[in-house]
Amino acid sequence: MRLVLLGPPGAGKGTQAKRIVESFSIPQLSTGDMLREAVAEGTASGLLVKHMMDHGELVPDDVVISVIANRIDHPDAANGFILDGFPRTVAQAEALDQELAARGIRLDAVLELEVDEDVLLDRIKGRATVAASRGEPVRRDDNPEVFKTRLEVYREQTAPVTEYYRARGLLDIVDGLQPIDAVTEQLAAVLAALPSHWIRSDVR
Ligand code: ADP
């Protein structure tokens, strides 16, 4: 099962992706996590993107496209994956289609978590407070100023990706304001209704 999870920053993509991973035994491919790892390792590409990430801007399309193209060839992604944080621009969505077509595969569904912006700002403040209170590192881009930039970037560059997938009949929208378990249930219901016959690992 090959999925894309869309939604604004703070919508709960990471939380839901982890749950889908458990149910379907497919890896979560988060470009945000991969880029943060590259930054932590101090690789050349990591240094290049650190500044952009810290300011809430998108890193160049060619950087993330090559990261994802390499990652989907790993053996653990052979039976599918859930993309979290990618694609974030229409150019990335087009590149993804090309990469998948070159491998003779395609997406099964695109799931979007819909959440309004006021709630997002509160959530992100909460995320920073919780991390700080646990003594965990707070993401540099989880502060209200940078978060506003991330929302603007989302509106301008990522929101059109929704239309890209809607036009291809792949899009399902789920209300991300519901409690976490209710969102998971609704996502699971959408996945269960897909024409393909994917077997959930937890009921196998
Ligand atoms: P969020 O919590 O906003 O979903 P992520 O962890 O997915 O954030 O991403 C953090 C940052 O990493 C983004 O603000 C951006 O700078 C960079 N990034 C992640 N994915 C992409 C992408 N597909 N294209 C460009 N930049 C990306």
Side-chain angles (χ1 to χ4, degrees), residues 2-21 27-41 43 45-72 77 81-100 107 110-117 119-131 136-162 164-165 174 176 180 183:
R2 298 180 183 91
L3 306 173
V4 166
L5 202 50
L6 288 181
K13 297 189 296 290
T15 305
Q16 297 298 335
K18 287 192 175 64
R19 291 174 167 215
I20 294 173
V21 163
Q28 170 195 7
L29 310 187
S30 157
T31 40
D33 288 348
M34 291 180 213
L35 293 170
R36 276 186 289 276
E37 274 166 32
V39 169
E41 285 165 9
T43 60
S45 62
L47 292 175
L48 182 79
V49 302
K50 182 179 186 322
H51 185 79
M52 296 168 192
M53 292 179 73
D54 285 350
H55 289 82
E57 293 155 12
L58 294 187
V59 311
D61 284 339
D62 55 344
V63 172
V64 277
I65 290 164
S66 78
V67 165
I68 283 292
N70 288 326
R71 185 63 185 83
I72 58 179
F81 47 75
I82 176 158
L83 294 172
D84 160 15
F86 181 93
R88 256 179 162 90
T89 63
V90 169
Q92 291 178 19
E94 287 168 349
L96 176 63
D97 276 348
Q98 283 166 16
E99 294 292 341
L100 296 180
L107 293 174
V110 175
L111 308 169
E112 174 162 321
L113 298 179
E114 198 173 44
V115 179
D116 65 53
E117 292 196 4
V119 177
L120 293 173
L121 199 53
D122 287 345
R123 281 192 184 178
I124 220 73
K125 284 181 192 155
R127 180 154 99 182
T129 311
V130 168
E136 293 167 3
V138 177
R139 274 172 52 175
R140 289 169 78 108
D141 58 353
D142 271 358
N143 75 60
E145 276 319 301
V146 176
F147 191 72
K148 282 187 191 135
T149 307
R150 286 161 66 196
L151 278 181
E152 273 167 33
V153 166
Y154 179 81
R155 242 182 272 129
E156 285 166 19
Q157 302 191 57
T158 309
V161 175
T162 298
Y164 180 89
Y165 288 124
V174 167
I180 293 177
V183 175

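Because only heavy atoms are used, hydrogens play no part in the values below, and waters and symmetry mates are left out as well, while side chains stay in. We count ligands from 1, going down the list as the structure has it; atoms in each ligand are counted the same way.
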Atom 17 (C) of ligand 1 has as its nearest protein heavy atom L35 CD1, 3.6 Å
Find the distance between CD (E117) and CZ (R155) and round it off to the nearest 0.5 Å.
4.0 Å
What residue among R150, M52, R88 forms side-chain contact (heavy atoms from CB on, under 4.5 Å) with L58?
R88
Minimum heavy-atom distance A93-Y165, with the two atoms named
CB-OH, 3.7 Å
State whether the shortest distance between N or O atoms of G85 and N or O atoms of ligand 1 falls below 3.5 angstrom.
yes
Indicate yes or no for a side-chain donor-acceptor contact from D142 to the backbone of V138 under 3.5 Å, with no hydrogens or angles considered.
no
For residues N143 and K125, determine if any side-chain heavy atom of one lies less than 4.5 Å from a side-chain heavy atom of the other.
no
Side chain, backbone, both or neither: R127 near ligand 1, heavy atoms under 4.0 Å
side chain
For H51, is the nearest heavy atom under 4.0 Å from an atom of ligand 1?
no
Could you check atom 26 (N) of ligand 1 against the protein and tell me its nearest heavy-atom contact, residue, atom and distance included?
V59 N, 3.1 Å
Taking N or O atoms only and a 3.5 Å limit, does D141 qualify as a polar contact for ligand 1?
no
Pick from D61, D62, T31, T158: which one makes a side-chain hydrogen bond (donor to acceptor under 3.5 Å, both in side chains) with Q92?
D61
Contact between ligand 1 and R36 is defined here as a heavy atom of the residue under 4.0 Å from a ligand atom; is it met?
yes
Provide, to 0.1 Å, the distance between atom 4 (O) of ligand 1 and the closest protein heavy atom, together with that atom's residue and name.
K13 NZ, 3.3 Å
The answer for which part of L58 has a heavy atom under 4.0 Å from ligand 1 is both
